[in-house]
Amino acid sequence: PKEHYIHHYNLLLSRNESAVLELAERAHSSKKRLSFSVLKRLLKEYEPVAVNRRVRTGGTFLVEVVRARHVHESVILKCAKLLVERHGADPNVPSAEVGLRSVSTIAPEYKRCAASGEVGKCLSSSTGRELYPLVIAAARGMSKVVKYLLSVEADRDMRGSSRFRLYSNPRKTVKGKDLTALEFATRMRDEEVENGARREDLRGLLDVISMLED
């Protein structure tokens with residue numbers, strides 16, 4: 001009967017939302033951090049998941065993974081590959097977080113953390129506009145993640161809006177509206193240099209810019 005299918009569809013949406021919300025919590029927690037095993041467990045616990053469906057808050061699985069805090073870039077890359085290759089995540093599905101006013105905090109993979117592969121803080125969120133995984137990865141200087149997203153046909157011409165806090169001067173933010181991943185990365189580089197960051201400290205951003213300019 002029709003009511004039966006409606007019930008199961010609504011149940012799927014509810015479980016999907018719970019999964020994304022739990023993922024978002026993990027992605028931003030310094031105590032219960034995101035890991036590959038955590039993501040695998042979450043996907044199995046809530047299966048089947050509608051991996052490309054945005055929840056009511058606007059988030060998606062892939063966006064939450066790419067902006068995860070307190071984890072190495074290698075973890076983000078591994079989780080992104082799991083979502084794309086095993087669960088069919090589309091890198092061109094953006095978040096659309098209407099009504100959120102939080103400021104994005106981005107720490108690109110600078111030299112002092114590049115040796116360990118650790119990625120700095122990221123409280124990335126849009127201000128009621130679309131935000132793509134590639135834009136976040138580019139602004140964070142995560143060259144390996146950017147390279148992978150491009151390899152699975154992430155559209156480098158897609159435009160997103162957000163605000164990113166400078167690593168060299170955390171009191172200052174860089175706001176962008178309808179910018180491409182390259183434009184965001186370039187703006188971050190220019191602002192970082194203006195605020196005292198050295199060229200050797202910007203290896204991640206420079207690699208990303210070079211990749212996106214090709």
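The side chain to side chain donor-acceptor pair (under 3.5 Å) test applied to S29 returns no partner, not counting sequence neighbours. Take N195 and apply the side chain to side chain donor-acceptor pair (under 3.5 Å) test, not counting sequence neighbours, and it matches N169. With sequence neighbours excluded, the residues forming a salt bridge (charged side-chain N to carboxylate O under 4.0 Å, His left out) with R159 are E183, listed by chain and number. For the salt bridge (charged side-chain N to carboxylate O under 4.0 Å, His left out) test, residues two or more places apart in sequence or in another chain that qualify with D178 are R129. For R41, the side chain to side chain donor-acceptor pair (under 3.5 Å) partners at least two apart in sequence or on another chain are E22, E45. For R171, the salt bridge (charged side-chain N to carboxylate O under 4.0 Å, His left out) test picks out no residue, with sequence neighbours left out. Every salt bridge (charged side-chain N to carboxylate O under 4.0 Å, His left out) that E47 has, sequence neighbours left out, goes to K44.
Looking at every heavy atom in both residues, A138 comes nearest to V146 through N-CG2, 3.7 Å. Shortest non-hydrogen contact noted between M158 and N92 is CG-OD1, 4.4 Å. Residues V135 and T180 approach most closely at CG2-C, 4.4 Å, considering heavy atoms. The two residues A185 and V208 make their nearest non-hydrogen contact at CB-CG1, 4.1 Å.
The cluster map of Ile, Leu, Val, Met, Phe, Trp and Tyr, joined by side-chain heavy atoms under 4.5 Å apart, puts V152 and V93 in different clusters. L21 and L83 are assigned to two separate hydrophobic clusters, defined by single-linkage of ILVMFWY side chains at heavy-atom distances under 4.5 Å.
Every pair tested for ring pair (Phe, Tyr, Trp, His ring centres under 6.0 Å) that includes a residue from residues 195-214 fails, sequence neighbours excluded, so the list is empty. The ring pair (Phe, Tyr, Trp, His ring centres under 6.0 Å) pairs that include a residue from residues 169-207 are F164-F184, where partners are two or more places apart or lie in different chains. Identified under the ring pair (Phe, Tyr, Trp, His ring centres under 6.0 Å) test for residues 132-151, with sequence neighbours left out: none. For residues 34-54, there are no ring pair (Phe, Tyr, Trp, His ring centres under 6.0 Å) pairs, not counting sequence neighbours. Residue pairs meeting the side chain to side chain donor-acceptor pair (under 3.5 Å) criterion with at least one member in residues 205-214, sequence neighbours excluded, do not occur.
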How far apart are the C-alpha atoms of Y167 and D201, what are their side-chain angles, what is the distance that settles it, and do they pass the side-chain contact (heavy atoms from CB on, under 4.5 Å) test? CA-CA 11 Å; Y167 181 75; D201 295 329; over 6 Å; no

Decide side-chain contact (heavy atoms from CB on, under 4.5 Å) for L39 and K78; before the verdict, give the C-alpha distance in whole Å, the side-chain angles of both, and the deciding distance to 0.1 Å. CA-CA 10 Å; L39 180 60; K78 195 172 181 180; over 6 Å; no

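A salt bridge links E64 to R67: one of the charged nitrogens lies within less than 4.0 Å of a carboxylate oxygen. For the pair E25 and K32, the salt-bridge criterion is not met [side-chain N within less than 4.0 Å of a carboxylate O].
Atoms CG and CZ, on L149 and R156 in that order, are 11.5 Å from each other to the nearest 0.5 Å. Here the OG-CZ distance, from S168 to R198, works out to 12.0 Å after rounding to the nearest 0.5 Å. Residue S18 holds its OG atom at 9.5 Å from CG of L42, rounded to the nearest 0.5 Å. Rounded to the nearest 0.5 angstrom, H28 NE2 and L23 CG are separated by 8.5 Å. Annotation: the span from L134 atom CG to L212 atom CG amounts to 6.0 Å, rounded to 0.5 Å. The CG atom of L77 sits 10.5 Å away from the NZ atom of K147 when rounded to the nearest 0.5 Å.
Taking 4.5 Å as the limit, every side-chain heavy atom of V63 sits out of range of all side-chain heavy atoms of P94.
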